[in-house]
Amino acid sequence: MFPYPSGNIHMGHVRNYVIGDICARYHKLKGDEVIHPMGWDAFGLPAENAAIQFKTHPRDWTLNNIENMKSQLQKLDLDIEWDREFATCNEDYYRHQQELFIDLYNAGLAYKKDALVNWDPVDQTVLANEQVIDGKGWRTGASVEKKNLSQWFFKITDYAEELLNDLDNLKLWPEKVKTMQKNWIGKSSGAEIKFKISGSNEFLNIFTTRPDTIYGATFIGVSVNHPLVSKTLNNKAIKEIKDEFSKVDGEKDKIGVSLKINCLHPMLNKEIPIYVANFVLDNYGEGAIFGCPAHDERDFEFAKKYDLPIIKVIDCRDEDLPYSGDGKIINSEFLNGLSKDAAINEIISYFTRKQIGKEKINFKIRDWGVSRQRYWGCPIPVIYYEDGSYRVLDKSELPVLLPYDVNLKGKGNALLNLDKWREIICPKTNKKAYRETDTLDTFVDSSWYYIRFLNNKLDKPFEIEQVNNLLPVDKYIGGIEHAILHLLYSRFFMKALRDIYGLKVDEPFKQLFTQGMITHKTYRTSKGEWVMPREVVIKDGQLILEKTREIVEEGPSEKMSKSKKNVIEPDEILNSFGIDATRIFMISDSPPDRELEWTDEGIQSSKNLTHRIERYFSQKKTDIDLEVEKKVELFIYNIETNILNFSLNKCVADIYTLFNYLEKRKVYLNNSELSSKILTCLFPILPNLSSLICRNLFNISKFKHWPDVKKDLLYKDKIVLPIQVQGKLVTTIDTKKGYIEKDILKLIYQLDKVKNKIQDKKVIKVINVQDKIINIIVY
RNA sequence: GCGCCAGUGGCGGAAUGGUAGACGCGCUGGUCUUAGGAACCAGUGGGCAACCGUGGGGGUUCGAGUCCCUCCUGGCGCACCA
């Protein structure tokens, strides 16, 4: 995943890009066509906030950071094609995005509507549902407010079913990410039922997964944001209810206020009251429910509190109420005696016949709100006329450039105050018009950047042929935090573009690898102040702060963060330990998908390994025998297998195993053919060091092809055969593959250890797994 | 509450149902010395031993860290989803 240019590369970036670089270098050596690009996710709020804080311009701040981070990345010796580089904040990227916006609009996948949206009061902008975590903005942590605003949306819900189903085809994605997306899409099937409002000709729509319990409905609950509420109550009354609701711990207490109007029960000749209830969500289903207290925990609690009738419609013991399981339907006229599923079918067909309801599949996922009320983003190519109507621009009218000269000091969106940019005369109608001042969510930028990497110079977003030939991305590496943000949006984009352009690609990323985070020990003083690990020393068995001699306490290893002062700067590490040791450490201690704890010992031993390899190859050549050759072939095989499986920690173990063997036997390969093979295999992991040694030994600077493994040399003739008695290991014997069972048993029975085990018992069975193990069963 | 993943030495971690602990860190003892952020040699799961050992308890199997059931613990995600 491409980085956000926040200022400096951090260790997480280093790990991410080293993993990818090892794969890329390996595949290049194999002769595969590899595209290994880098770019910048360069629009976004941090730039704007930083610009205000440091009195600079978001563009200058961003471009500066890019320059800095690029030079830092280059120090890592990454084999990146910098020709493909771009930043999403530059015109030559976002102008094409504006074109895609127009495509989406024309395809009916982008639309504008008034909606209740998430408002981040700190960043002063709207956020998509995916960007609100536990009711708080994902970047600011501020409590999100609900606002009714006219906003642009992308119709991701059109693809809900496909986004869900196609997860099954993503065989090379972590199960965890797929589960998260599945939960987010949130498909459930049930029915939509129309309840007639008493004394009115209007109806209230309700979604339920349990239409079989309709006869047990004794009240209606609506969300406080439901249209019926604003129609019935005045603003003051609504505000009072909201205040009331915000006072209780919404997760626990179910409270409500009667709207003092009723609904007609669709099956029974009776009226049931409508309540505004705090536990009814406005963003799920229709924002309205029917309450069936006997068979739903929440409804039960609510009914108890407000003394509403509880009518049992599924046969169960009274003490089991509320009972939400399966059972025989009772008290429900023609449904009586049916099971849950049969009753659901029966009642839905009844509703359909009577036109008071229908079968309904409901999705939790909502359309993607993409409008942001901030300056530093891609302008939305739309103009508004004075009568309030709007027009999406033609592609010929693009690009809509983001102006540079803005005043960011005022509150709100700087573009709103920039009349000379905002006001135009529409060239089509000659009428006065105003540009859209909302910009696109930065997740739009990152939803198609991998396509742009195929050709960043093209005068249109992409070439259809090229997309068909080269996508999906074979290996995509990044953190799991994007599981339902970037990774879901990109899947939607790929599918939408497929339908618009007739592409043959369904999914953007064939294999997803989620790398673990890097952690480091934390330390704090007795006052609770965080202390940098390198300022801590041990004195008389006590951890103390070197400067002030204060006693400090060691905390758990946690994700590196500036606030906890446990950050390690890549620049410093590269300067003291070099590229190769840094790369080795990034992959050595843990599997790449798990946490990696930063330790001083770890980076030091990585450095020692690089020295050791260097020393090894400077030794004079000795005789080489077949066994050495076999070990080298095994090494090639193992490294290759482990790179392909992302088991990079095992690659490091393979390196140690090989050099332990060679040095133990004092076999030195120097400039032999075997050295060349070993160095080629080291190249993806240690490009700098292996190139250097290669130049010294062979006077060539480039590695040729990845060596083909001589499979016949992997065959092991001599084996150590484990001998078990009663399934427990007793001893092992050295033998050769293909031994004759009868002959070897004679030998085995003479071994003291075996004799002692068997004693005078009778051998009743011998299990010989040829060349693997022998198990003797006695009685 | 629901879902997913994990639990193996002092630590990070290896083990297509077939010798548990590869490899590394740390530690112990030693060697060398151009005194290094070294290097090298030997050792390092527990136990004197027989033996015991992969979170607990069952099961399948000739054989289980690995498969099944169940419980416990930890992590992550979702969570009033009607």
Side-chain angles (χ1 to χ4, degrees), chain A residues 133-134 174-184 186-188 190-191 193 206-211 213 217 221 223 250-254 277-281 283-292 295-299 301-302 324 362-365 480-481 483-484 557 576-577 581 584-585 588-591 593-597 599-609 611-612 615 638 647 649-660 663-664 719-733 756 764-769 771-778:
Chain A
I133 319 278
D134 288 336
E175 218 41 59
K176 185 176 176 143
V177 175
K178 290 197 273 186
T179 310
M180 285 166 75
Q181 292 209 353
K182 207 180 209 166
N183 290 340
W184 186 260
K187 179 180 178 177
S188 50
I193 306 170
I206 277 166
F207 173 74
T208 177
T209 56
R210 293 299 301 274
T213 64
S223 145
E251 286 284 315
K252 294 213 179 81
D253 296 324
K254 311 268 175 286
N278 70 334
F279 66 94
V280 180
L281 303 172
N283 56 0
Y284 184 78
E286 303 291 334
I289 59 149
F290 75 72
C292 177
H295 306 292
D296 181 285
E297 218 170 292
R298 297 152 300 178
D299 300 346
E301 201 183 309
F302 193 81
S324 56
N362 189 61
F363 288 95
K364 198 182 88 168
I365 192 172
I480 199 163
E481 66 273 17
I484 50 169
S557 198
S576 0
F577 294 94
I584 281 277
F585 182 57
S588 58
D589 276 5
S590 309
D593 54 350
R594 279 199 226 170
E595 273 182 11
L596 171 68
E597 186 180 1
T599 59
D600 294 343
E601 292 84 1
I603 183 71
Q604 184 56 50
S605 69
S606 301
K607 180 73 186 171
N608 294 346
L609 177 62
H611 279 151
R612 184 175 165 193
R615 258 197 326 271
N638 285 340
S647 301
N649 55 320
K650 287 194 257 170
C651 286
V652 180
D654 294 333
I655 296 172
Y656 277 108
T657 307
L658 177 72
F659 287 98
N660 285 351
E663 290 186 330
K664 181 135 195 156
I719 51 167
V720 180
L721 190 70
I723 309 301
Q724 295 181 331
V725 174
Q726 308 291 69
K728 290 197 171 183
L729 182 76
V730 173
T731 187
T732 62
I733 57 168
N756 288 340
I764 52 168
K765 197 174 179 186
V766 174
I767 289 143
N768 172 38
V769 184
D771 302 341
K772 276 271 167 78
I773 202 164
I774 286 180
N775 188 6
I776 298 162
I777 311 301
V778 297

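All values below come from the heavy atoms of this structure, side chains included, with hydrogens, waters and symmetry mates left out. All chains are named by letter (A, B, ...) in the order of the sequence lines, taking the proteins before the strands, and each is independently numbered beginning at 1.
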Please name all residues satisfying side chain to side chain contact (heavy atoms under 4.5 Å, CB included) with Lys765(A), sequence neighbours left out, ordered by chain then number.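 Here the qualifying residues are Ile767(A), Ile777(A).
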Output all residues satisfying side chain to side chain contact (heavy atoms under 4.5 Å, CB included) with Glu481(A), sequence neighbours left out; order by chain, then residue number.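 Applying side chain to side chain contact (heavy atoms under 4.5 Å, CB included) to Glu481(A) gives none.
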Can you name the residues that form a salt bridge (Lys or Arg N to Asp or Glu O under 4.0 Å) with [X], not counting sequence neighbours?
X	value
Glu663(A)	Arg612(A)
Glu175(A)	Lys178(A)
Lys772(A)	none
Glu597(A)	Lys521(A)

Just wondering, are more than 12 heavy atoms of other shown residues or ligands nearer than 6.0 Å to NZ in Lys364(A)?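 Enclosed: over 12 neighbouring heavy atoms sit under 6.0 Å from NZ of Lys364(A).
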Taking atom [atom1] in both [N] and [M], what distance in whole Å separates the two?
N	M	atom1	answer
rU33(B)	rG74(B)	C1'	49 Å
rA49(B)	rG3(B)	P	48 Å
rG21(B)	rG43(B)	P	15 Å
rU16(B)	rA82(B)	C1'	47 Å
rC62(B)	rC40(B)	C1'	46 Å
rG9(B)	rG58(B)	C1'	27 Å
rA14(B)	rC41(B)	P	26 Å
rC27(B)	rU70(B)	C1'	40 Å

For each nucleotide in nucleotides 10-20 of chain B, reading 5' to 3', give B when a protein heavy atom comes within less than 4.0 Å of its base, S when such contact involves only the sugar-phosphate, and - otherwise. --SSSSB-BB-
Contact state string [nucleotides 29-54 of chain B, B base, S sugar-phosphate only, - no protein heavy atom under 4.0 Å]: --------B-S--S--------SS--
Output the rounded distance in Å from [atom1] ([X]) to [atom2] ([N]).
X	N	atom1	atom2	value
Lys765(A)	rC62(B)	NZ	P	6 Å
Ile777(A)	rU61(B)	CD1	C1'	11 Å
Gln726(A)	rU61(B)	CD	P	16 Å
Ile584(A)	rC25(B)	CD1	P	12 Å
Ile484(A)	rC76(B)	CD1	C1'	13 Å
Asp600(A)	rG26(B)	CG	P	11 Å
Phe302(A)	rA82(B)	CZ	P	18 Å
Met180(A)	rA79(B)	CE	P	10 Å

List in chain and number order the residues that pass side-chain hydrogen bond (donor to acceptor under 3.5 Å, both in side chains) with Asn649(A), two or more places apart in sequence or in another chain; answer none if no residue qualifies.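 Checked Asn649(A) against side-chain hydrogen bond (donor to acceptor under 3.5 Å, both in side chains); zero matches.
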Sequence neighbours left out, what passes side-chain hydrogen bond (donor to acceptor under 3.5 Å, both in side chains) with Gln181(A)? Give chain and number order.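 Here the qualifying residues are Arg491(A).
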Determine the contact category for Tyr656(A): base if any of its heavy atoms lies under 4.0 Å from a base atom, sugar-phosphate if only primed atoms, P, OP1 or OP2 are that close, otherwise nothing.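 Tyr656(A): backbone/sugar contact only, no base atoms under 4.0 Å.
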With sugar-phosphate meaning primed atoms plus P, OP1 and OP2, does Asn660(A) contact a base, only sugar-phosphate, or nothing at under 4.0 Å between heavy atoms?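 Sugar-phosphate, backbone atoms only, no base.
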How should the glycosidic conformation of rG63(B) be described, syn or anti, under the criterion that syn lies within 90° of 0?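 Because its glycosidic torsion lies more than 90° from 0, rG63(B) adopts the anti conformation.
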Stem list for RNA chain B, please, built from Watson-Crick and G-U wobble pairs under 3.5 Å and keeping only runs of at least 3.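 As far as RNA chain B goes, consecutive pairing (with distances under 3.5 Å) yields the stems B:1-7 with B:72-78, B:10-12 with B:23-25, B:26-31 with B:39-44, B:55-59 with B:67-71.
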Kindly write out the residues that satisfy ring pair (Phe, Tyr, Trp, His ring centres under 6.0 Å) with Phe302(A), not counting sequence neighbours, or none if the list is empty.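 For Phe302(A), the residues satisfying ring pair (Phe, Tyr, Trp, His ring centres under 6.0 Å) (neighbours in sequence not counted) are Phe219(A), Tyr275(A), Phe279(A), Tyr306(A).
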How do Thr179(A) and Arg210(A) order along RNA chain B: which one's closest nucleotide is nearer the 5' end?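 Whichever sits nearer the 5' end wins; that is Thr179(A).
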Which comes earlier along RNA chain B counting from the 5' end, the contact point of Thr657(A) or that of Asp299(A), where each point is its nearest nucleotide?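 Upstream on the strand: Thr657(A).
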Distance-only, no hydrogens or angles: does the Ser606(A) side chain make a donor-acceptor pair with backbone N or O of Ile584(A) under 3.5 Å?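 Checking the backbone N and O of Ile584(A) against the side chain of Ser606(A), no donor-acceptor pair under 3.5 Å is found.
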Give a yes or no on whether the backbone of Phe363(A) and the side-chain of Lys187(A) come within a donor-acceptor separation of less than 3.5 Å.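 It does not hold such a pair.
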So which heavy atom on Ile603(A) is nearest to which on Ala581(A), and how close?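 Nearest heavy atoms, Ile603(A) then Ala581(A): CD1-O, 3.9 Å.
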Where the side chain of Tyr284(A) is concerned, which of rG77(B), rC76(B), rC81(B) is the nearest nucleotide?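 So the side chain of Tyr284(A) is nearest to rC81(B).
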Among rC78(B), rC76(B), rA82(B), which nucleotide sits nearest the side chain of Leu281(A)?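 So the side chain of Leu281(A) is nearest to rA82(B).
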